[in-house]
Amino acid sequence: MLASFPPGYFQQPVVDLARALIGATLTLEGVGGMIVETEAYDRDDPASHTFRGQTARNAAMFGPAGHAYVYRIYGMYWCLNVVCGELGRGAAVLIRALAPDVGIAEMQVRRGLTGPKGLASGPGRLCQALGIAREHDGLDLTDMPFALHPAPAGLPILTGPRIGITKAVEQPWRFGLAGSPHLSRRF
DNA sequence: CCAGTGATTCTCT
DNA sequence: GAGAATCACTGGC
């Protein structure tokens, strides 16, 4: 039996959770791998979708911690977040990349690739590889069809500024697994 | 580097 | 409500 998160684990500060999720294992219907890159988005954070309050799109970010916030971006891609903090906080961790482990063949089909590279190295790619879309918005990531298990202790973690944002660009709220070949970009 | 892509949100009437 | 701006990205030059 794999280890599980203790009760209330996801109700910690979002930057702490973003760091802690590096090395955690995420799967959807048995397809996935180890998370190697995350970013934190908090309520009082100009780069966060929740900065201007609750809307139809970001409602899941105000829901229970440990659940998914899935949104569409640029009209073509989905991005996955882990909701964090006490109920109504409006904070979440963007899952930016994972190291493909189980269901690699399935990921290759979904991504239209034949090689092992770039399968889930980026938030849009990751969702395409795992088959994550709108119907997963708000679902509990620690329960079927998802599974999420804690990282081993002592992993080397990289820290840096977040990617692709135009506000609060200086905040070092991006985290990565040092040495991983599956990061979306170098730190 | 830069265009594609369309939902969501903003900013006025 | 309507029109405009924005956008937590990706793939191809």
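Naming: A, B, ... by sequence-line order, numbering from 1 per chain.
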Check your understanding: Distance from Phe175(A) atom CZ to Leu17(A) atom CG, nearest 0.5 Å?
Key -> 10.0 Å
Between [options], which one does the side chain of [X] approach most closely?
X	options	value
Cys79(A)	dC7(C), dG4(B), dC9(C)	dC9(C)
Thr166(A)	dA8(C), dC7(C), dT8(B)	dC7(C)
Lys167(A)	dA7(B), dG4(B), dC7(C)	dC7(C)

Hey, what are the protein-to-nucleotides 10-13 of chain C N/O distances that come in under 3.5 Å?
| residue | atom | partner | partner atom | Å |
| --- | --- | --- | --- | --- |
| dT10(C) | OP1 | Pro123(A) | N | 3.3 |
| dT10(C) | OP1 | Gly124(A) | N | 2.8 |
| dT10(C) | OP1 | Arg125(A) | N | 2.9 |
| dT10(C) | O4' | Tyr77(A) | OH | 3.1 |
| dG11(C) | OP1 | Arg111(A) | NH1 | 3.1 |
| dG11(C) | OP2 | Arg125(A) | NE | 2.7 |
| dG11(C) | OP2 | Arg125(A) | NH2 | 2.7 |

Nearest-angstrom distance from the residue atom [atom1] of [X] to [atom2] of [N]:
X	N	atom1	atom2	answer
Glu39(A)	dC9(C)	CD	P	7 Å
Phe51(A)	dT9(B)	CZ	C1'	15 Å
Arg185(A)	dC1(B)	CZ	C1'	13 Å
His49(A)	dC7(C)	NE2	P	9 Å
Arg174(A)	dC9(C)	CZ	P	10 Å
Leu94(A)	dC7(C)	CG	C1'	13 Å
Tyr69(A)	dT8(B)	OH	P	10 Å

Review point. If you take all heavy atoms of Val102(A) and Met107(A), which pair is closest and at what distance?
Key: O-CE, 3.2 Å
**Study point:** Carboxylate-amine/guanidinium contact Lys167(A) Asp45(A), below 4.0 Å
**Key:** no
Review point. Between Arg57(A) and Asp137(A), is the closest basic N to carboxylate O distance under 4.0 Å?
Key: no
Review point. Can you check whether Arg57(A) has a side-chain N or O nearer than 4.0 Å to OP1 or OP2 of dG6(B)?
Key: no
**Study point:** Short side-chain N/O contact to dC10(B) OP1/OP2 from Arg52(A), under 4.0 Å
**Key:** yes
Check your understanding: Between the side chain of Asn81(A) and the main-chain N/O of Val83(A), is any donor-acceptor distance below 3.5 Å?
Key -> no
Point to revise | Tyr41(A)-dA8(C) aromatic stacking (under 5.5 Å, under 30°) | key: yes
Revision key, fill the gap. On DNA chain B, more 5' by nearest nucleotide between Tyr74(A) and Asn58(A) is Tyr74(A)
Practice item. Answer yes if the side chains of Arg96(A) and Ser184(A) hold a donor-acceptor pair under 3.5 Å, and no otherwise. Key: yes
Revision key, fill the gap. Base-pair string, DNA chain C, Watson-Crick plus G-U, cut-off 3.5 Å on both distances, | for inter-strand, is |||||||.||||.
